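Okay, structure first, notes after.
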Amino acid sequence: MLPENNAPIPRGRTLPPEETLLSVRGLQKIYRTDSGDVEAVRNLTFDLGKNELACLVGPSGSGKTTLLKCIAGLLEPTSGDVILDGKAITGPPKKMAVVFQEYGRSLFPWLRVAENVELPLRNAGVPKAERTRLVDEALENVGLAEARASYPWQLSGGMQQRVAIARAIAYQPEVLLMDEPFAAVDAQTRADLEDLVRSIQKRLGMTVLFVTHDIDESVYLGTRVIILSSSPTVVQEDLVVDLPETRDQLETRALARFTELRHHVYEQIQRAKRGFRPDVTSVR
Ligand code: ADP
Ligand code: MG
């Protein structure tokens, strides 16, 4: 069922503990540099549920990458906590994988596609037979079974990014973090990769946090959009995407509700750029 035209946009709800997989609590990150302190993230608090595909948008420099690095345990927060399955994260968690924007730099050029996908499993000590099965499945899932023996540099940008996605899902993460993963591919490839992420997320039942600066992409992909303020960053708004679960590049994007949601997110980001910030105590 589609919401009525101009129906109020639902806000993210507070999840009960049993539905929560990941919690970001009062996260602050200050970079100490030679030329002084940079407070990239001031106070971020939100929860991600199991099997949720949440998009995170915010102006450039608002701390999206900083936040992902803190969640991935690659960067230590200045204060606050990231809690996964009830335990505070202190280093890279086993059940988490990250896909970065620069796929070109994230794949090893001297390893074949299948070897690139296998590497993290090898590092994690997964036995050979199991590794082979997981690599085959992951490559199958991203439609790259044929390219397993190729080198990354023999593939197009979109295919390289699919290798990076395969490497992440072969690892069977509970949480998949994606940092503007499709920013550098052409529009058609991007649309295909968006649908790929949705179908894999559904099939494998992962929680995905997808960072993008593309407003349309955030509304098309997400079950929820978390909008960040400009730096020093707080959560400006957390909204539910009340579009039908089945998304289609042409049909979904042609819905009046799609336009309303993207309009709303766009306005919020414009406000963020103008320096508006909510009183964080009033945002959950
Ligand atoms: P986004 O991904 O939203 O564009 P970032 O997380 O990359 O934002 O950066 C947020 C802010 O923190 C920016 O002002 C950026 O210049 C600053 N910053 C990021 N990384 C570092 C660093 N290693 N040292 C100092 N400042 C940094
Ligand atoms: Mg970034």
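Only a predicted model underlies this, so the values are computations on that prediction, with no experimental measurement involved. What you see below is based on every heavy atom in this structure, not just the backbone, and it leaves out hydrogens, waters and symmetry mates. Just so you know, ligand 1 is whichever comes first in the structure, and atom 1 is the first atom listed for that ligand.
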Exercise. What are the two closest heavy atoms between Ile9 and Val240, and how far apart are they?
Worked result: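 That closest heavy-atom pairing would be CG2-O, 4.3 Å.
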Exercise. Do Glu245 and Lys202 meet the salt-bridge criterion of a basic N to acidic O distance under 4.0 Å?
Worked result: yes
For ligand 1, list every N/O pair with the protein closer than 3.5 Å, one pair per line with the distance.
| from | atom 1 | to | atom 2 | distance (Å) |
| --- | --- | --- | --- | --- |
| ligand 1 | 2 (O) | Thr65 | N | 2.9 |
| ligand 1 | 2 (O) | Thr65 | OG1 | 2.9 |
| ligand 1 | 3 (O) | Ser62 | N | 3.2 |
| ligand 1 | 3 (O) | Gly63 | N | 3.0 |
| ligand 1 | 3 (O) | Lys64 | N | 2.9 |
| ligand 1 | 3 (O) | Lys64 | NZ | 2.9 |
| ligand 1 | 4 (O) | Gly61 | N | 2.8 |
| ligand 1 | 6 (O) | Thr66 | N | 2.9 |
| ligand 1 | 6 (O) | Thr66 | OG1 | 2.5 |
| ligand 1 | 8 (O) | Gly63 | N | 3.1 |
| ligand 1 | 20 (N) | Tyr31 | OH | 3.4 |

Test: ring-ring contact (aromatic ring centres under 6.0 Å, His included). Region: [range]. Which pairs qualify, not counting sequence neighbours?
{"range": "residues 215-236", "result": "none"}
{"range": "residues 73-97", "result": "none"}
{"range": "residues 122-179", "result": "Tyr151-Trp153"}

Exercise. For the hydrophobic clusters of this structure (ILVMFWY residues joined by side-chain heavy atoms under 4.5 Å, transitively), does one cluster hold both Leu22 and Leu74?
Worked result: yes
For this session: Confirm or rule out an N/O/S atom of Ser60, from backbone or side chain, lying less than 2.8 Å from the Mg ion (ligand 2).
Result: no
